[in-house]
Structure formats: structure tokens, C-alpha cells
Amino acid sequence: MTLADDAIQWYDRNARDLPWREPGTTPWGVLVSEVMLQQTPVVRVAPAWQAWMTRWPTPADLAQDPPSEAIRMWGRLGYPRRAMRLHACAAAMVERHGGRVPDDLTELLALPGIGTYTARAVATFAYGQRHPVVDTNVRRVVARAVEGAPDAGPATTAADLTAMAELLPAESDRAARASIAFMELGAIVCTARSPRCPECPFVSVCAWRLSGAPAASGPTRRPQRYAGTDRQVRGLLLEVLRHATGPVPRQRLDAVWTDEVQRARALAGLVDDGLVEALGSDADRFVLAGDADRADVQQL
DNA sequence: GACCCGTGGGG
DNA sequence: TCCCCAAGGGT
């Protein structure tokens, strides 16, 4: 039995019942789930995915609505730029691919918001192709089980893809199952903190376990605190704009954060990123991207 | 490669 | 409380 065989067998008995894994999920549904899952936990994605797919069952449905509606529907999943890119992605698929999700890796990679991981995930899970699919879970599982390391080092895309490629079964359908199985293992058993090794199909062959499960050593870089960052300010500004039914006067945005310099920087950043538009010659009113026309109507 | 980009829940 | 982290992508 190879690691892939063990993982697939384990997955068949332990896979979570997630909505985008239901039979009949379209490539678009797979793509939407993968984008939503970029840095957002499964439990919060599930209901959002259902609502999104009900409202926009195809790329063309989404492309017909303005980006502002995508940003609103995104709700509090975080990183709202993903909503905007998903909208741009839908528009690009309508323009370049007749409204269908392409099955070619290169064409997928060329779409907005679709990077190395997501392109491979869609080609593999939506179309059954044989590609290594490497996310943070896979990197951790391979680091421990194969390399004997306590955790994955910094992402090195090419090397990570090579490492996983060597573990993939030859047959494409099994290769796809192996990839999803490794991801699932990393998500619910071989977790970053407190791995559940007794439940792991690799427990007896895991290189990390066999070497005594050493703890990680060395200094870990402390990420920036969230409180007080531009990201928090952007979140507060966008929260106001999401719920607005018309143009929001600058004065109302001024109320969300006292530091004027930081507030202005955050707002300018949102405009630069295309999430927000300024209205009027004085740029004294703001709307979500794509709402300018509607806003003008409401002005009259 | 470093850094920026939201949000919420668990330990 | 505080810290960590969660199916990354773009610059």
C-alpha cells in the first residue's frame, strides 16, 4: 500500500459531507468553493457558497450583475478583493470561454484571482485531470509524513508540486482522490496544532512520528497584529458601504476611525483596488464599485 | 521573497 | 485575554 492508497481508503470513510462535494456540482461551483476557501474556514464558507450558487448558478449570471452585488453577497468571508476578482473571473470566462469554466491549466491560470493552487484544484476536482494539488494542508502532511519535519517550511511552489507529484497514483481519477484525501487529512487529522495522530492512516509510517515527533524549533516570525492595521480600517469602511443603499458622504466614513491619515490611506487603497468609487468632482461621496449609475438614479 | 489583503473561532 | 490560524493571490 502506498501513502496515496492509504489516504484514499481513509478519505472514503471519513470525508466531510460538504455541499460542493455533492454529485452534480458544476465546474463553476467547484471554482467558487475554491476561491471562497482561500484563507476562510470551511464552516463559514458552506452557507455562503449555497447562497452564492443559488443566486448565480453560472458565470454569466454573475457577470450580468455589478461587482458591488458580489461584494455584498460576499458578506464577511474576509478579503473582499476575492469577491471582486471572482466577478472579474466570471466576466473573463464569458468573454473568452463562452461562459464556461475552462479545463486547461494555462487558461485557468490566466483568470483573475486564480493562482497555482486554485487552477490545479479546478482542473483536478472539476475535470478529473491528473495534477499535483498543493495547499497548506498538503504541504504540512507531506512535510511530516514524508520528510519527517514538524511542519512545512516556507512555500516553494515548484518543489512542493514535485514532492506531491511523486506520491500521485498513475490513474487520473485516483490521483484526484489522493489529492483531496491529503487535503482532508491535513484539515481534520494532521492539523497545525494538536494533530490527531491516533486517527491517522499514516501513523505507523509517518517519518515525523518515527523520529519521535520532535517539536518545531527556531524563531517564528510574529505576524502583524490585526487591531489598528489598515486592514481593520478598510474592513470598517467597507462594512458601511456594503449596507448603504445610496452614496455615502465622506463624513459618514470619517466616523469609523479617528486617525485621519490612516483613514484616508485606507479609503484610497480601497479605491485603488477597485472596490470603491468616489463620486462628484469633490470626491465627497463613495459607493461600492459598479454602483455609481444606480447611485446617480437615487440621487435624482 | 516579503508584504499586503479581512474575519471569526478555538485553545 | 491573547495568539494562532484558516483549501491563497497579486504585486
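Chain identifiers are assigned alphabetically (A, B, ...) following the order of the sequence lines, protein sequences preceding nucleic acid strands; residue numbering begins at 1 within each chain. Everything quoted here is computed from the prediction, not taken from an experiment.
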Gap in Å between the two C1' atoms, one belonging to B/dG8 and one to C/dT1, rounded:
16 Å
Ignoring hydrogens and geometry beyond distance, is a side-chain donor-acceptor pair present between A/Arg85 and A/Tyr79 at under 3.5 Å?
no
With a 4.0 Å limit, can you tell me whether A/Tyr117 has a side-chain N or O closer than that to the phosphate oxygens OP1/OP2 of C/dG9?
no
Going by distance alone, is a donor N or O of one side chain under 3.5 Å from an acceptor N or O of the other, for A/Gln129 and A/Asp103?
no
When all nucleic acid strands are considered with a 4.0 Å heavy-atom cut-off, which category describes A/Gly78: base, sugar-phosphate, or nothing?
base
At under 4.0 Å, does any side-chain N or O of A/Arg234 touch on OP1 or OP2 of B/dG6?
yes
Which nucleotide in B/dT7, C/dA7, C/dC5 has an atom nearest any side-chain atom of A/Trp20
C/dA7
Contact under 4.0 Å: A/Arg85 side-chain N or O vs C/dG10 OP1/OP2
no
Reckon A/Thr40 has a side-chain N or O less than 4.0 Å from the OP1 or OP2 of C/dA7?
no
Give me the ring orientation class for A/Phe182 and A/Phe202: parallel if the planes are under 30° apart, tilted from 30 to 60°, perpendicular past 60°.
tilted
Check this one for me: any side-chain N or O of A/Arg242 less than 4.0 Å away from OP1 or OP2 of B/dT7?
yes
Short side-chain N/O contact from A/Gln39 to OP1 or OP2 of C/dG8, under 4.0 Å
yes
